[in-house]
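In listed order, ligands and their atoms are each counted from 1. For this chain, numbers begin at 1 and follow the sequence in order.
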Amino acid sequence: MSYNFDEIVQREGTEAYKLELREMVFGSKDVLPLWVADMDFKAPPAVIKAMQERASHEIYGYTIRDKKFTEAIMVWLESQHQWSIKEEWIEFSPGVLPSIMVAIHEFSEPGDKVIIQTPVYPPFYSIVSENGRELVKNSLVEKEGYYTMDFDLLEKQASDPQTKIFVFSNPHNPVGRAWKKEELRRIADICIKHDVLIVSDEIHSDLCLFGNQHWVMADLFPELSDRIITCMAPSKTFNVAGLSTAYAIITDQKLKARFHKRLWAMQLHMGNLFGGIALEAAYSEGAEWLTALKKYLEGNALMVRDFIQENMPEVGFVLPEATYLLWFDFRKWGLSPSKLKKAMVEMGKIAMNDGVSFGTEGAGFQRMNIGSPKVIIKDGLERILKVRNQVYKH
Ligand SMILES: Cc1ncc(COP(=O)(O)O)c(C=O)c1O
């Protein structure tokens, strides 16, 4: 079957966050929305069909998730990641962020320290500090656009007895790394040695590109089983983020029981009817669509790379190992972060995520979402070039 990712689907009038919040975030509605991490593509046909069929029943009452839900997850993880899991390891959650929040509440006390690796997806900051925990920044190390980890610092931070949790982004948003086995090994060793719980956010794991592989940390290192919570979802993979449906996988049944109890205490267990239907259809019938999507995203990323090389070689950019989020380094333009943001919005009329929203390390960077038809990405690149022609003195 062929899928048309070039199709332009109008999202106006659908209350899309990406469109509606432009005025609030960028001060203008007249900007090309290449920011929020959802895609401008229709969901896989099987997902649409399943939801339409269920919608035609016309009663949408309280609904359970039965074996179909957990079986779809088990089959998906086995086929995509060669991860064999047991049904009892799976816990529904209405989102990956809610899963992280539940873990923070259950496995740390107010005032305890939680490590994140910055620059990182902005809610990682608020989920720690707004839930009364102390944030510990383990800055990633950047060299010519490629990011690695500072393990010495991580070890030092993990060795603090107040440090209880490490919230890990794998693959990493926004730097696009799909962490390698050896890197995961070092993290595992440090967290075991210093008794730190790993909350492994693997929401982007299905979106490895250019032959890169995702390693499921919990699968690689069974010795982590009583200290790792793996958070996953179909939301990024199949563009169904508005359906609030995710899950956590926890091997150790004592750990799982605590997570489960806390999730229920917080009344987060109900979920919504359509999310379950979408997950089952996507995981059962969406593999071919995903293969086509990844090919299209790779094409977009390569187009961006070529455009940058030809037209603005001073902009730092490396192809992402995973995710549809590109991380551009505009530091050579010599603008302050606020001037860079203003220039993109006012001169370029383009809305990308401002680098500093991911942390101080993001000063001079912008994140572009390439989950859109090629013509839109091309338009975005032309807009950036327009800015460059006005601000870059070379
Ligand atoms: C690393 C990461 N975690 C979590 C989320 C959000 O997950 P959810 O909507 O399931 O809470 C995102 C969305 O962009 C993300 O990039």
*Side chain or backbone of Val96 under 4.0 Å from ligand 1, or both, or neither, by non-hydrogen atoms?*
both
*How long is the gap from CD on Glu298 to CD1 on Ile370, to the nearest 0.5 Å?*
9.5 Å
*Under a 4.0 Å N-O cut-off, is there an ion pair linking Arg383 with Asp379?*
yes
*In the protein, what heavy atom is nearest to atom 11 (O) of ligand 1, and what distance, to one decimal place, separates them?*
Leu97 N, 2.9 Å
*If you measure from the Lys or Arg side-chain nitrogens to the Asp or Glu carboxylate oxygens, is any gap between Asp38 and Arg11 under 4.0 Å?*
yes
*asked:* With heavy-atom distances below 4.0 Å as the criterion, list the atoms of ligand 1 near Asn173.
replied: 15 (C), 16 (O)
*asked:* Working to the nearest 0.5 angstrom, can you tell me the gap between Phe5 CZ and Lys295 NZ?
replied: 11.5 Å
*Run the ring-centre check on Trp89 versus Phe259 and record whether the distance is less than 6.0 Å.*
no
*Would you mind listing which atoms of ligand 1 come within a distance below 4.0 Å of any non-hydrogen atom of Gly95?*
10 (O), 11 (O)
*Return the residue, atom name and 0.1 Å-rounded distance of the protein heavy atom closest to atom 3 (N) of ligand 1.*
Asp201 OD2, 2.5 Å
*Taking N or O atoms only and a 3.5 Å limit, does Pro98 qualify as a polar contact for ligand 1?*
no
*Looking at ligand 1, does any of its N/O atoms fall within less than 3.5 Å of an N/O of His204?*
yes
*For residues Tyr146 and Glu321, is any side-chain donor paired with an opposing acceptor at under 3.5 Å?*
yes
*For ligand 1, note which part of Ala37 has a heavy atom under 4.0 Å away: side chain, backbone, both or neither.*
side chain
*In terms of residue, atom name and distance, what is the protein heavy atom nearest to atom 14 (O) of ligand 1?*
Lys236 NZ, 2.7 Å
*When rounded to the nearest 0.5 angstrom, what is the spacing between CG in Leu184 and CG in Leu220?*
6.0 Å
*Is at least one protein non-hydrogen atom found at under 4.0 angstrom from atom 7 (O) of ligand 1?*
yes
